[in-house]
Amino acid sequence: MRKKIIALPRLDNLTPTLESTALKLMEEAGELAQAIGKLRGMSGERRAVGDGEALTFITRELLDVAQTAVSMMFVLEENYGVNIEKALDEHIAKLMRKGYLVSSKDD
């Protein structure tokens, strides 16, 4: 199984709640969708930037989504006692059961 490991920090000087983080996650996902729509010309606007600049913008928005998702994981761990490592193992097992992942000798 190939993995992309990205470590994102716990943000300082914030007191996020489950609700505020969920709303922020939706906001960031909307901004990502908007950026992709602009790249594909789906927003009804003429594209004002080239592919390289658009892909840079999409990448930034994707990282905002990822950072917010990681922030929600910290909230779940710190405020609700959720074991994210265990949940991740269960998630990977589910993906394998569904056939989305195939175990290899390199695991």
Side-chain angles (χ1 to χ4, degrees):
M1 152 182 25
R2 249 180 97 194
K3 291 183 179 180
K4 175 72 63 194
I5 297 175
I6 300 172
L8 294 167
R10 181 186 186 285
L11 301 178
D12 297 324
N13 301 319
L14 295 175
T15 53
T17 64
L18 189 60
E19 296 79 10
S20 69
T21 309
L23 290 172
K24 184 68 173 172
L25 185 58
M26 288 184 272
E27 174 190 329
E28 295 297 349
E31 290 175 7
L32 174 61
Q34 185 177 34
I36 292 169
K38 285 183 184 269
L39 172 65
R40 299 289 183 216
M42 299 168 68
S43 63
E45 304 173 19
R46 290 181 48 179
R47 287 179 42 194
V49 298
D51 284 351
E53 189 176 344
L55 290 171
T56 297
F57 185 63
I58 288 168
T59 302
R60 288 179 183 153
E61 293 300 334
L62 177 60
L63 288 171
D64 285 348
V65 170
Q67 179 66 64
T68 306
V70 167
S71 293
M72 183 175 274
M73 290 180 204
F74 279 112
V75 168
L76 288 169
E77 286 177 330
E78 295 169 6
N79 297 355
Y80 299 95
V82 172
N83 183 333
I84 292 295
E85 293 299 323
K86 180 181 177 214
L88 179 58
D89 290 343
E90 292 168 355
H91 175 71
I92 290 172
K94 175 187 76 173
L95 295 175
M96 293 176 100
R97 281 192 311 276
K98 289 185 171 194
Y100 298 134
L101 290 175
V102 179
S103 183
S104 70
K105 293 178 183 179
D106 297 333
D107 290 347

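None of these values were measured; they are calculated from a predicted model.
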### With sequence neighbours excluded, residues passing side-chain contact (heavy atoms from CB on, under 4.5 Å) with Leu32
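Result, side-chain contact (heavy atoms from CB on, under 4.5 Å) vs Leu32: Ile36, Ile58, Glu61, Leu62, Val65.
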
### Message
Listing request: all side chain to side chain donor-acceptor pair (under 3.5 Å) pairs with a residue in residues 83-94, at least two apart in sequence or in separate chains.
### Response
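As it turns out, there is no side chain to side chain donor-acceptor pair (under 3.5 Å) pair with a partner in residues 83-94 once direct neighbours are skipped.
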
### Task
List in chain and number order the residues that pass salt bridge (Lys or Arg N to Asp or Glu O under 4.0 Å) with Glu28, two or more places apart in sequence or in another chain; answer none if no residue qualifies.
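Residues passing salt bridge (Lys or Arg N to Asp or Glu O under 4.0 Å) with Glu28: Lys24.
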
### Task
Tell me, please, which residues at least two apart from Lys98 pass salt bridge (Lys or Arg N to Asp or Glu O under 4.0 Å).
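Once residues adjacent in sequence are excluded, Lys98 has no partner under the salt bridge (Lys or Arg N to Asp or Glu O under 4.0 Å) criterion.
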
Validation: residues 73-82 side-chain donor-acceptor distances under 3.5 Å, sequence neighbours left out:
residue	atom	partner	partner atom	Å
Glu78	OE1	Arg10	NE	3.1
Glu78	OE1	Arg10	NH2	3.0
Glu78	OE2	Arg10	NE	2.8

#### Entry: Interatomic distance, Gln34 atom CD to Phe57 atom CZ [nearest 0.5 angstrom]
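Separation between the atoms: 7.0 Å.
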
### Minimum heavy-atom distance Pro16-Thr21, with the two atoms named
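Of all heavy-atom pairs spanning Pro16 and Thr21, the closest is CB-OG1, 3.3 Å.
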
### same_hphob_cluster(Met72, Leu11) at 4.5 Å side-chain heavy-atom cutoff
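No: no chain of side-chain contacts under 4.5 Å links Met72 to Leu11.
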
### Query
Run the side-chain contact (heavy atoms from CB on, under 4.5 Å) check on Thr68 and Glu27 step by step: do they pass?
CA-CA 10 Å; Thr68 306; Glu27 174 190 329; over 6 Å; no

### Query
Which residues, ordered by chain and number, are linked to Leu23 in its hydrophobic cluster, where ILVMFWY side chains connect at heavy-atom gaps below 4.5 Å, directly or through other members?
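Its cluster mates, by chain and number, are Met26.
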
